[in-house]
K.L.:
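Pasting a structure below so you can have a look.
All figures in this text were calculated on a predicted structure; none of them were measured in a lab.
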Amino acid sequence: MKPNDFYSRFLLFHISLFTQLLTAQMVVSGTVSSAGGSPVEGANVYLDGTYDGTSSDVNGKFEFSTGESGNQTLVISFISFETFKLIEEVEKMIDLRIELKEDIGALDAVVISAGTFEAGDNSKVSVLKPLDVVTTASALGDFVGALQTLPGTSTVAEDGRLFVRGGEAGESQIFIDGIRVFTPYTASPNNVPSRGRYSPFLFDGITFSTGGYSAEYGQALSSVLLLKTIDEPTQEKTDISVMSVGLGLGNTQIWDKNSLSVNASYFNLSPYNAIFPDRNDWEKPFEVMAAESVFRRKFNNGLLKIYGAFDATNFELTQEDINYEDGLHFKLKNNNFYSNFSYEGRIGDSWKLFSGGSFTRAFNDLIISDQLVENIDNSLHLKLKLKKRFNKHIKLNFGAEYFYSDFKETYAADNITDISYGYNNPLGALFAETDVIFIKKLAAKVGVRAEYGSFLEEFTLSPRISFAYKTSKNGQLSLAYGKFYQQPFQDVIKFSDKMESPRTDHYILNYQFSYNNRIFRAEVYRKNYHDLITYSDDLPNFDSDFGNDGKGYAQGIDFFWRDNQSLKNIDYWVSYSYLDTERLYLNYPYSATPPVVNKHNISVVGKYWIENWRSQVGFSYNYGSGRSYTNPNKPGILQEKTKPYNSLSFNWAYLLSQQKILYFSISNALGFKNVNGYQYADRPDNGIFDRRTLRPAADQFFFIGFFWTLSDDGRDNQLDNL
């Protein structure tokens with residue numbers, strides 16, 4: 001090697017070494033803070049794709065050396081904040097000032113909850129689980145019965161439907177997978193409660209809004225109940241049920257990306273009534289046959305669900321009536337078909353598409369004394385909705401829907417020529433709503449709904465707005481306002497189209513605290529009713545003078561507390577509602593409290609698992625203060641009240657083996673002598689209107705059932721369904 005070559009290589013080596021030493025000296029430094037300027041200690045800071053990095057100190061400062069050069073990606077992450085990334089030349093990453101944004105998707109982020117109870121395994125804060133629908137003692141397997149243990153509902157035991165915050169039952173609408181259910185309740189005679197028509201076993205999510213609900217839903221003055229069916233079953237199985245009131249059989253099959261669930265049931269109260277006769281004279285005891293199926297197919301970007309149900313109800317009886325010496329004869333045949341389809345899927349990374357529809361055909365053949373009524377109601381609902389998520393802070397939900405009802409009725413009676421009448425009622429709607437999450441503590445939902453009904457030739461516009469602010473890690477305040485329209489009920493609109501839709505304005509203030517399986521809610525509300533329907537006769541008919549002269553209000557406060565943490569193996573909840581309401585509507589001469597309203601409602605529900613007994617036992621206590629009724633022997637209307645309602649119910653599920661269950665329940669176990677109201681004679685006797693007490697058809701109801709499941713894993717049972 002020549003001396004010049006040696007010196008050249010020596011020089012190059014030291015130049016290279018000097019360069020490496022220089023790059024090893026590159027320092028990355030800065031400060032990490034939150035949006036409020038507070039330092040963030042412990043943030044993870046590093047160059048992406050390298051081992052170079054550190055953590056921020058107590059003052060949010062960080063500093064580390066790196067041998068990297070040129071453009072690099074600096075990453076800063078910390079729990080409950082969005083991950084920060086900076087692409088820059090390393091040489092310029094000195095004395096950085098990094099402000100992290102709160103991660104609004106974190107578990108403790110604010111949730112808009114004014115007026116809304118969530119019930120589902122996937123909800124952030126659930127007041128009920130799907131299991132509660134069928135394990136609440138007083139519910140008797142009816143999802144409406146379980147919801148009646150929540151605040152905001154009234155105890156109208158003889159009816160069985162939902163009465164929310166002073167509203168009529170028809171003011172609450174029910175939707176399955178976002179699609180309207182037009183006839184959600186089974187048919188029943190007077191003074192016998194109806195039940196929800198659809199099986200609770202189908203649903204894994206329930207949202208019950210007692211007011212202030214989304215602009216996506218309309219035609220409901222008081223509340224909406226949103227039911228979500230199970231997306232995908234986990235295994236094939238067969239369920240067999242043998243009950244004191246009937247039989248049931250269900251089967252689920254899964255193949256490829258498809259699944260099919262089929263349920264059939266038959267109920268007949270003849271054997272039960274023979275052992276436990278009630279106050280009715282049954283000529284044909286209550287009998288119902290029902291079948292329903294759900295087909296599901298999973299696509300690469302979406303899920304299709306098709307649901308169908310049919311039930312046929314048949315009964316005939318004579319009920320005691322003070323105006324008929326031999327009682328009032330009542331006979332009903334009812335057939336109801338309901339089908340529903342929905343598809344929900346993704347379009348690209350940020351769009352979601354939802355489309356669905358339902359068709360209902362309800363047929364009633366009714367005989368009341370010498371009067372014959374036959375009606376058919378065909379109803380349709382179509383819906384298309386799009387969702388766009390712009391970023392973590394803003395998402396938009398908009399769509400259109402169409403409702404159509406075709407109602408026909410024939411009336412016949414002695415000495416009267418048959419009368420046929422009905423109506424066609426199309427109604428279209430557009431809605432749009434945006435969710436804005438300003439920061440993790442503050443969110444808003446702003447929407448508007450527009451409807452046009454050609455039958456009433458009416459256009460309505462309904463703005464809705466809600467705010468939620470997180471006051472602490474586990475507590476938050478919510479505020480909601482909205483306008484809600486609903487067309488007149490069928491018993492009125494079938495006689496006249498010269499009316500407008502009644503309207504309510506909702507104002508709601510809500511506080512909610514949830515921590516470690518404990519939930520507390522308190523909600524104050526005010527509802528103002530406008531344009532309520534009035535008519536001139538005792539009952540609406542062709543000759544009635546209809547109008548929109550009515551008005552009213554409902555106001556009160558609801559409390560709810562649930563705890564399944566403090567007491568071992570015990571889960572319980574308590575709810576209380578105070579309701580003050582008056583209305584001028586129907587044929588009322590002045591404002592009064594309707595007879596479906598309790599001023600005070602209390603529910604206490606408890607469940608206890610006894611390991612040694614292989615049993616789950618539960619109880620429900622319901623209290624409702626007296627309801628108003630009219631005494632014609634005194635001036636005025638609705639001037640007196642019944643005595644309070646009380647009921648204590650028990651249930652007991654015993655596991656004979658893993659897949660075989662024996663179940664027993666009794667409602668009103670203590671035999672409270674409840675009074676639903678009073679019926680007065682049409683004519684006075686010596687100036688006094690005589691009366692009879694309206695008692696429940698039976699003071700108590702007993703139920704015994706055996707439930708057997710055959711499943712792939714050999715472990716699944718129907719305890720969740722009891």
K.L.:
Does any N or O in the side chain of Ser575 come within less than 3.5 Å of the main-chain N or O of Phe560, such that one atom is a donor and the other an acceptor?
P.N.:
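Side chain of Ser575 to backbone of Phe560: no pair is present.
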K.L.:
Can we say Glu216 and Lys385 salt-bridge, meaning some charged N sits less than 4.0 Å from an Asp/Glu carboxylate O?
P.N.:
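Result for this pair is yes, salt bridge flagged.
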K.L.:
Can any side-chain N or O of Glu236 pair as donor or acceptor with the backbone N or O of Ile254 at less than 3.5 Å?
P.N.:
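Pair found, side chain donor or acceptor close to backbone of Ile254.
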K.L.:
NZ of Lys395: more than 12 outside heavy atoms within 6.0 angstrom?
P.N.:
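Count not over threshold, so no.
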K.L.:
Are the side chains of Phe62 and Thr31 in contact, using a 4.5 Å heavy-atom criterion?
P.N.:
no
K.L.:
Can you tell me if CD1 on Ile87 sees more than 12 non-hydrogen neighbours from other groups inside 6.0 Å?
P.N.:
no
K.L.:
Tell me whether the centres of the aromatic rings in His393 and Phe438 are closer together than 6.0 Å.
P.N.:
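Ring centres of Phe438 and His393 not closer than 6.0 Å.
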K.L.:
For a 4.5 angstrom cut-off between non-hydrogen side-chain atoms, does Trp255 reach Leu260?
P.N.:
yes
K.L.:
Testing Arg464, Gln219, Glu171, Arg503 for side-chain contact (heavy atoms from CB on, under 4.5 Å) with Phe484, which one passes?
P.N.:
Arg464
K.L.:
Side chain of Ser56, backbone of Val40: donor and acceptor closer than 3.5 Å?
P.N.:
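Checking the backbone N and O of Val40 against the side chain of Ser56, a donor-acceptor pair under 3.5 Å is found.
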K.L.:
Are Arg449 and Glu451 within salt-bridge range, i.e. N to O under 4.0 Å?
P.N.:
yes
K.L.:
Test side chain to side chain contact (heavy atoms under 4.5 Å, CB included) on Thr66 and Val90; report intermediate values, then the result.
P.N.:
CA-CA 9 Å; Thr66 179; Val90 175; 3.7 Å; yes
K.L.:
Could you give the distance from CG (Asp558) to CG (Leu579), rounded to the nearest 0.5 Å?
P.N.:
8.5 Å
K.L.:
Should the pair Arg165 and Tyr525 be classed as cation-pi, given the thresholds of under 6.0 Å to the six-membered ring centre and 45° from the axis?
P.N.:
yes
K.L.:
What heavy-atom pair brings Ser462 and Tyr485 nearest, and what distance separates the two atoms?
P.N.:
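Closest heavy-atom pair between Ser462 and Tyr485: OG-CD1, 3.2 Å.
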K.L.:
Could you check whether Lys483 pairs with Asp505 (Lys NZ or Arg NE/NH1/NH2 to Asp/Glu carboxylate O, under 4.0 Å)?
P.N.:
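Salt bridge absent between Lys483 and Asp505.
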K.L.:
Got a second to check how far Ser514's OG is from Asn474's CG, nearest 0.5 Å?
P.N.:
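Rounded to the nearest 0.5 Å, the OG-CG separation comes out at 6.0 Å.
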K.L.:
Looking at Gly166 and Thr581, what are the two nearest heavy atoms and their distance?
P.N.:
CA-CG2, 4.4 Å
K.L.:
Aromatic contact between Tyr481 and Tyr507, with the criterion being ring centroids under 6.0 Å apart: yes or no?
P.N.:
yes
K.L.:
Side chains of Tyr469 and Leu479, heavy atoms from C-beta outward: is any pair under 4.5 Å?
P.N.:
no
K.L.:
Grab the two heavy atoms, one from Ala400 and one from Leu430, that are nearest each other, plus how far apart they are.
P.N.:
CB-CD2, 3.5 Å
K.L.:
Do Val75 and Phe84 have side-chain heavy atoms sitting under 4.5 Å apart?
P.N.:
no
K.L.:
For this output row, return yes or no: ring centroids of Phe175 and Tyr217 closer than 6.0 angstrom.
P.N.:
yes
K.L.:
Can you measure from CD (Glu433) to CD1 (Ile465) and round to the nearest 0.5 angstrom?
P.N.:
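So the CD of Glu433 and the CD1 of Ile465 are separated by 10.5 Å.
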K.L.:
Quick one, Ser478 with Gln512, criterion side-chain hydrogen bond (donor to acceptor under 3.5 Å, both in side chains). Give me CA distance, side-chain angles, the key distance, then yes/no.
P.N.:
CA-CA 8 Å; Ser478 298; Gln512 178 170 291; over 6 Å; no
K.L.:
Which of parallel (below 30°), tilted (30 to 60°) and perpendicular (above 60°) describes Phe559 and Tyr576?
P.N.:
parallel
K.L.:
I want to check something: taking the side chain as every heavy atom from C-beta on, are Phe208 and Leu150 in contact at a cut-off of under 4.5 Å?
P.N.:
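In short, these two side chains touch, coming nearer than 4.5 Å.
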K.L.:
So, do Leu74 and Val28 sit near enough that their side-chain heavy atoms are less than 4.5 Å apart?
P.N.:
yes
K.L.:
Are Leu47 and Met93 side-chain neighbours, meaning at least one heavy-atom pair lies under 4.5 Å?
P.N.:
yes
K.L.:
Tell me, with the steps shown, if Thr252 and Ser261 meet side chain to side chain contact (heavy atoms under 4.5 Å, CB included).
P.N.:
CA-CA 4 Å; Thr252 295; Ser261 298; 3.1 Å; yes
K.L.:
Please enumerate all residues that pass side-chain hydrogen bond (donor to acceptor under 3.5 Å, both in side chains) together with Arg518, with sequence neighbours excluded.
P.N.:
Ser566
K.L.:
Examine Arg297 relative to Phe295 and say whether NZ or CZ is less than 6.0 Å from the centre of the six-membered ring and inside a 45° cone about the ring axis.
P.N.:
no
K.L.:
In sequence, state the C-alpha distance, the side-chain angles, and the governing distance for Asp571 and Arg562, and then conclude on side chain to side chain contact (heavy atoms under 4.5 Å, CB included).
P.N.:
CA-CA 8 Å; Asp571 179 16; Arg562 180 164 189 172; 2.4 Å; yes
K.L.:
Enter the distance from Tyr307:OH to Arg296:CZ here, rounded to the nearest 0.5 Å.
P.N.:
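Here the rounded value is 11.0 Å.
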K.L.:
Are the side chain of Asn340 and the backbone N or O of Ile176 linked by a donor-acceptor pair below 3.5 Å?
P.N.:
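Judged by distance alone, yes, a pair lies under 3.5 Å.
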K.L.:
Cation over ring, Lys388 on Phe390, under 6.0 Å and within 45°?
P.N.:
yes
K.L.:
Taking 4.0 angstrom as the limit, do Lys305 and Asp177 come out as a salt bridge?
P.N.:
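The answer is yes: the pair qualifies as a salt bridge.
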K.L.:
Classify the angle between the aromatic ring planes of Tyr343 and Phe299 as parallel (below 30°), tilted (30 to 60°) or perpendicular (above 60°).
P.N.:
perpendicular
K.L.:
State whether Glu523 and Arg521 are salt-bridged, where the test is any N-O pair (Lys NZ or Arg NE/NH1/NH2 against Asp/Glu carboxylate O) under 4.0 Å.
P.N.:
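Result for this pair is yes, salt bridge flagged.
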K.L.:
Determine whether more than 12 heavy atoms belonging to other residues, nucleotides or ligands lie under 6.0 Å from atom OH of Tyr515.
P.N.:
no
K.L.:
Test side chain to side chain contact (heavy atoms under 4.5 Å, CB included) on Val45 and Phe64 and set out the steps.
P.N.:
CA-CA 9 Å; Val45 186; Phe64 64 91; 4.0 Å; yes
K.L.:
Working note: Lys352 + Asn301, criterion side-chain hydrogen bond (donor to acceptor under 3.5 Å, both in side chains); need CA distance, chi angles, decisive distance, verdict.
P.N.:
CA-CA 10 Å; Lys352 274 188 177 180; Asn301 295 313; over 6 Å; no
K.L.:
May I ask you to test the Leu162-Leu147 pair for a side-chain heavy-atom distance under 4.5 Å?
P.N.:
yes
K.L.:
Carefully, step by step, assess Asn71 and Glu89 under the rule side-chain hydrogen bond (donor to acceptor under 3.5 Å, both in side chains).
P.N.:
CA-CA 4 Å; Asn71 279 341; Glu89 294 179 4; 5.6 Å; no
K.L.:
Find the distance between CD1 (Ile437) and CG (Asn391) and round it off to the nearest 0.5 Å.
P.N.:
9.5 Å
K.L.:
Please round to the nearest 0.5 Å and tell me the distance separating atom CG of Leu221 and atom NE2 of His506.
P.N.:
7.0 Å
K.L.:
Whether the Ser223 and Thr210 side chains hold a donor-acceptor pair (N or O, under 3.5 Å, no angle test) is what I'd like checked.
P.N.:
no
K.L.:
State plainly whether the residues Asp231 and Lys298 are in salt-bridge range, i.e. N to O under 4.0 Å.
P.N.:
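No, this pair does not count.
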K.L.:
Which residue is it: Arg389, Lys445, Lys387? I am looking for the one with a salt bridge (charged side-chain N to carboxylate O under 4.0 Å, His left out) to Asp435.
P.N.:
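One option only clears the test, and that one is Lys445.
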K.L.:
With a 3.5 Å distance limit and no angle check, can you tell me whether His381 reaches the backbone of Ser358 through a side-chain donor-acceptor pair?
P.N.:
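No; zero donor-acceptor contacts below 3.5 Å.
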